[in-house]
Amino acid sequence: MNYSHFVLPFTIGLIVLLAYMLVRFGVWIYKLDSDDKQRILKNIFSIKSLQAIKEIFTESLLHRNIFKTNKVLGYMHMSLAFGWLLLIIGGHIQTWIFYDRLSNPIYIPIFFEYFVHNKAGMLFGEVLTFTMDLILLFILTGVALAYFKRFYSKLFGMKKTTNLKLGDKFALASLWLIFPLRLLAESTAASLHNTGGFLTQNFGNFISGLIPVSFFEPVFWWAYSISLGVFFLSLPFSRYMHIPTELLLIALRKWGVKSKETFDAFADVELHACSRCGICIDPCQMSSTGISKKTPASYFLKSVRDKETNSYDALNCLMCGRCEDKCPVGITTTNQRLAQRINLANERQGDFSYLKDLNYQIKTDVVYFAGCMSHLTPGITRSMIKIFRKAKVNYWFMDEDGSACCGRPQKLAGNLEAMKQLMDFNKKRIVESGAKTIVTSCPICYKVFSEDYKLEIEVLHHTQYLNRLVEQKLLPVQADSKKVVYHDPCELGRGAGIYDEPRKLLTHVATLVATKHEKQDSLCCGGSLGNLEIEAANRSLIAKDVVDELSKPNPDVIATACPLCKKTFIKVSSVQVLDIAELIAMSIPEKNEKSGERKKITVLQEELV
Amino acid sequence: MSKFGFTINKPRVIDYDLADKRVLNYVLKNEPSFNLCIFCGSCTATCSAGNFTDFNIRKLKMFIRRGLVEEIGTEADKCMLCGKCFLVCPRGVNNRNIVLKVREALTKIESHEL
Amino acid sequence: MNKKVVVIGGGITGMEASVQLSALGYSVTILEKEGQLGGHLKDWTVLFPNLRKGNEIVSFLEHGLELQEVNIIYNSKINEIKKINKHYEIILDKQKSITADAILVATGFDLFDAHRKEEFGYGIYENVITSYDLEKIFAQKGEIKTPSGIKPKRIGFIHCVGSRDEKVNNHYCSNVCCVTGVKQAMELKTLIPDAEIFNFYMDMRMFDTHFEELYLESQKKYGINFIRGRLSEANETIDKRIVIKVEDTLTSRPLKMTVDMMVLLVGMEPSKGTKEIANLLNLKMRESGFLKPEDDHTMSNVSNMAGVFFAGTCSGPMSIKYTFTDARAAVTKINCFLKEYELQNRILVN
Ligand SMILES: Cc1cc2nc3c(=O)[nH]c(=O)nc-3n(C[C@H](O)[C@H](O)[C@H](O)COP(=O)(O)OP(=O)(O)OC[C@H]3O[C@@H](n4cnc5c(N)ncnc54)[C@H](O)[C@@H]3O)c2cc1C
Ligand code: SF4
Ligand code: SF4
Ligand code: SF4
Ligand code: SF4
Ligand code: SF4
């Protein structure tokens with residue numbers, strides 16, 4: 001006996017689902033640009049694919065990343081995903097051994113207990129039955145947790161759970177029923193044929209005293225098969241589509257496909273790989289401060305999937321990257337937001353034809369570009385000038401009398417065309433100066449110089465540059481007993497991965513104490529240029545929170561490395577706020593100061609003007 | 001099509017009864033901080049674009065307030081969105097978003113949506 | 001036994017109120033955290049609106065203290081204030097404590113710390129000073145020199161520094177700095193007749209009667225220039241002069257001006273001492289941090305705690321004239337309270 005009608009819902013569901021996914025994945029891959037396709041071709045038959053499988057195993061099945069954030073949630077996901085896979089593998093092994101052949105109808109491994117009643121003489125029969133029961137129990141504990149989570153989501157350390165659509169409801173209901181029904185089906189079968197393991201046999205014997213099992217056994221098998229079929233059929237219309245999509249995403253990433261700022265097929269894969277787990281909600285300060293509950297990536301990505309994005313929501317985000325850092329699926333949430341901004345941008349992006357050649361005949365080694373904001377923090381620019389002079393650097397203060405903006409704010413507003421105009425203007429001036437290095441005091445400028453300008457010279461943020469000067473002993477500094485905490489600016493830290501140089505620098509001149517929010521976990525000051533909608537008062541609300549956190553170790557100084565962070569903090573802080581450049585400039589021993597020096601500087605300045 | 005730049009042959013009197021409030025109302029609705037401006041001029045003084053060209057963000061806003069939409073032409077296109085003006089504004093006026101919203105309003109006027 | 005009133009803060013407000021309370025027969029103690037009385041007044045050399053010398057007012061107040069018996073505890077630090085039935089127990093350091101039937105809070109204001117407006121360059125550029133620093137320069141007598149040591153030919157005054165500024169969280173107007181700017185401009189002009197003086201303002205707020213006349217006089221007799229534009233940022237030239245960047249809003253054009261010295265007209269903030277006392281007594285504060293009366297019209301000196309009153313600049317910026325008036329008004333209120341007059345029971349009906 002190898003067939004029964006009840007297998008149909010499962011079999012049809014599975015075949016339809018596989019066909020659907022084949023088409024869906026095919027279209028996605030087809031739509032990738034040719035460079036990306038080349039990358040895939042190059043890597044698909046390489047070690048990269050094995051790495052992809054490994055990552056699928058650790059992330060999609062073991063859910064290592066969710067484990068890191070939340071153990072209970074991680075266990076829940078793991079028991080369901082990994083447990084289910086084990087059941088499938090176990091089912092196949094049983095089938096292979098029992099039928100002694102490799103190819104069998106696809107439903108047999110799933111409904112093995114229905115078809116096989118005589119395991120006597122089957123190799124490892126007992127062991128496998130026991131193992132399969134153990135796996136089922138493992139999954140059922142996860143399902144129990146999932147029930148529990150629906151009703152008590154606080155237990156999982158998450159304040160809000162995302163809302164459900166119709167497709168989700170079907171998928172969720174069927175998913176929740178699958179394993180309890182399997183338990184009932186296998187248990188009733190066990191009680192009839194005495195073939196169960198420790199779980200199904202005992203449970204079967206128990207329910208045989210309560211219900212007429214011979215009547216219910218086929219009912220449960222039907223129900224089990226239907227629940228599987230419904231789950232497979234509703235999956236493409238539900239959030240669970242993220243599961244297969246994530247597998248593709250992992251593979252694409254391993255094959256070298258990268259997220260771009262504009263919306264492409266890869267971005268679409270990412271978009272559909274979002275599990276709406278909600279892990280990105282809590283770290284979002286727009287949400288935690290109550291300014292905008294709609295901002296977190298989870299909701300935004302949903303609005304994009306549902307084609308309900310609007311410019312207000314797209315622009316009302318700090319672009320701080322805190323969500324991206326925490327996302328267990330590795331979705332590039334800031335690029336996703338940027339892509340929508342680009343889509344929604346107005347055709348009038350700006351016209352900078354007024355930027356005329358300045359005809360500066362400047363030749364220099366180092367270009368210093370302070371950045372627009374730094375002009376409002378003369379403490380920073382003056383410190384940099386002092387340092388350049390102390391270290392006897394041949395530098396040119398490119399935007400001393402103001403300059404065209406670096407272009408990053410345009411990009412953050414989705415105006416790529418306008419950004420290009422500004423970049424072209426600045427780039428020409430930088431290249432013509434003949435410099436080998438450009439140093440900037442602003443992390444926003446740093447990001448665009450290093451990522452978009454495609455400069456052939458070295459781009460450094462001043463923390464990197466100063467660290468080099470100090471380590472190469474080109475700049476004398478004196479340690480101080482000041483207690484300092486460091487705030488990582490978003491664009492410098494998460495945005496550009498510069499965490500170490502600022503810290504190294506600070507330990508040269510002060511006592512650096514840690515806070516609860518270091519490196520990737522640092523908070524956004526609230527001043528962000530990325531948010532074009534937020535009200536001034538709400539910026540201060542965020543800033544106040546952050547300053548309170550940073551002030552907890554009772555520091556003498558809150559140090560940062562961004563003029564915008566500095567200005568944002570000063571508004572609300574009772575602790576002194578300084579840029580690292582200022583702390584370094586202050587720590588240069590005074591005794592080296594010669595009275596003749598000022599004259600020399602004057603000459604230098606005049607040469608420049 | 002609107003005229004480019006500030007026109008030379010302006011009528012002598014601002015006839016407020018003829019004010020074109022479409023841009024004003026659109027901006028007010030989408031960026032309420034427009035209402036907070038006290039026209040102190042700090043934004044214009046610090047403006048990065050104003051460093052290079054005759055661009056006056058405060059005056060632009062004043063013209064919109066007075067309904068002189070004809071006269072603002074392509075002024076709003078000169079802003080670089082650098083954000084300096086916000087950092088000096090004593091009233092917390094979100095000038096960058098105002099610029100974006102003015103451009104939006106003008107596009108909508110051109111396509112007869114406003 | 002005389003009822004006891006404790007006055008916290010010995011500025012003009014505290015001094016005048018103490019004298020008046022004592023004259024009414026109360027036993028009065030002033031708790032002053034500094035080693036001397038007078039508060040900010042001792043730092044002003046010449047006063048608006050009539051250019052009288054500041055210390056004349058101090059002697060006037062001191063004369064009052066001589067006439068009336070008032071206990072003064074200098075260098076006092078209040079650790080705790082307990083309410084016991086209808087009295088207050090004020091615990092000072094060294095475990096000393098005094099009881100009070102009523103408390104008058106007269107803890108005054110702090111000057112805005114101009115370092116917080118980094119773009120104005122105070123503490124960074126040598127020749128940027130505050131109105132307070134200028135008073136110190138006036139007090140030294142002799143020739144007026146910039147911090148760099150030259151005789152200034154051109155001076156710029158910047159209005160509204162630390163007031164009316166969302167960027168430092170002070171939304172209110174400090175009331176006295178416009179007129180201070182006019183007064184100081186006139187003084188400078190008297191001392192350096194060939195100097196050019198410019199006041200950069202958003203609005204000229206000559207808020208008291210006869211202040212407008214001072215403004216008029218500064219133009220008529222002294223030729224002070226007024227430019228309507230708020231400073232966005234300042235720069236320093238090689239020879240340490242200051243470049244002022246504003247928009248000349250009346251010509252609608254950005255304006256740059258190099259001056260030898262730039263004076264920041266710093267505003268008032270609720271003093272640290274005020275905040276401390278407010279916390280100890282659970283007094284209501286406005287969003288600005290100044291003390292909040294029970295009713296803005298009818299209860300101006302009355303706090304939310306029975307028996308606790310306040311007067312002077314701890315409740316908001318005011319000039320000397322209003323400080324006196326406010327101190328005396330508070331005394332009347334305290335007297336009513338301690339004598340339990342019937343009119344104490346009046347209430348507002350909406
Ligand atoms: C730049 C400037 C110039 C001015 N020039 C003039 C002028 O020319 N003419 C004019 O009419 N007005 C002028 N004023 C206003 C004038 O200074 C004030 O009206 C007056 O000083 C207010 O007095 P006060 O007693 O309320 O406060 P304060 O002078 O501040 O006195 C408060 C006192 O309380 C003490 N204190 C504070 N906290 C505590 C505590 N917790 N415990 C104990 N003691 C405490 C302080 O030490 C201080 O002695 C000027 C103000 C400024 C800012
Ligand atoms: S973006 Fe990432 S963290 Fe946020 S809901 Fe989606 S998968 Fe979860
Ligand atoms: S980038 Fe920052 S503000 Fe934007 S959604 Fe993510 S966490 Fe929230
Ligand atoms: S700085 Fe602010 S208040 Fe002043 S004119 Fe500009 S927008 Fe208006
Ligand atoms: S954002 Fe625009 S208006 Fe504001 S300072 Fe920059 S260029 Fe000028
Ligand atoms: S008194 Fe004048 S200078 Fe002072 S805050 Fe008010 S308007 Fe500004």
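Reckoned from all heavy atoms, side chains included, excluding hydrogens, waters and symmetry mates. Throughout, a chain's letter reflects where its sequence line sits, starting with A, and its residues are numbered from 1.
Using a 4.5 Å cut-off on side-chain heavy atoms (C-beta onward), C:Met202 and B:Cys40 make contact.
To the nearest 0.5 Å, atom CZ of residue B:Phe86 and atom CD of residue C:Glu166 are 5.5 Å apart. Separating the OG atom in B:Ser42 from the CZ atom in C:Arg230 is a distance of 4.0 Å, to the nearest 0.5 Å. Note that OG1 of B:Thr46 is 8.0 Å distant from CD of C:Glu119, once rounded to the nearest 0.5 Å. Put simply, OG on C:Ser252 and CG on B:Asp54 are 10.0 Å apart, with the number rounded to the nearest 0.5 Å.
Neither the backbone nor the side chain of C:Leu255 comes within contact range of chain B; no heavy atom of the residue lies under 4.5 Å from a heavy atom of that chain. With a threshold of 4.5 angstrom between heavy atoms, B:Arg58 approaches chain C through side-chain atoms but not through N, CA, C or O.
Counted within 6.0 Å of CD on C:Glu287, heavy atoms from surrounding residues, nucleotides or ligands total 12 or fewer; the atom is thus considered open. For C:His171, the NE2 atom sits in a packed shell: over 12 heavy atoms of surrounding residues, nucleotides or ligands are nearer than 6.0 Å. Residue C:Leu216 qualifies as enclosed at atom CG: its count of foreign heavy atoms under 6.0 Å is above 12.
Taking every heavy atom of both residues into account, C:Ser232 and B:Val88 meet most closely at O-CG1, 3.9 Å. Looking at every heavy atom in both residues, C:Arg228 comes nearest to B:Ile38 through NH2-O, 3.2 Å.
Chosen from B:Cys47, B:Pro90, B:Cys43, B:Gly50, the residue pairing most often with chain C at heavy-atom distances under 4.5 Å is B:Pro90. With respect to chain B, the highest number of heavy-atom pairs below 4.5 Å among C:Lys256, C:Arg253, C:Lys117, C:Glu233 belongs to C:Glu233.
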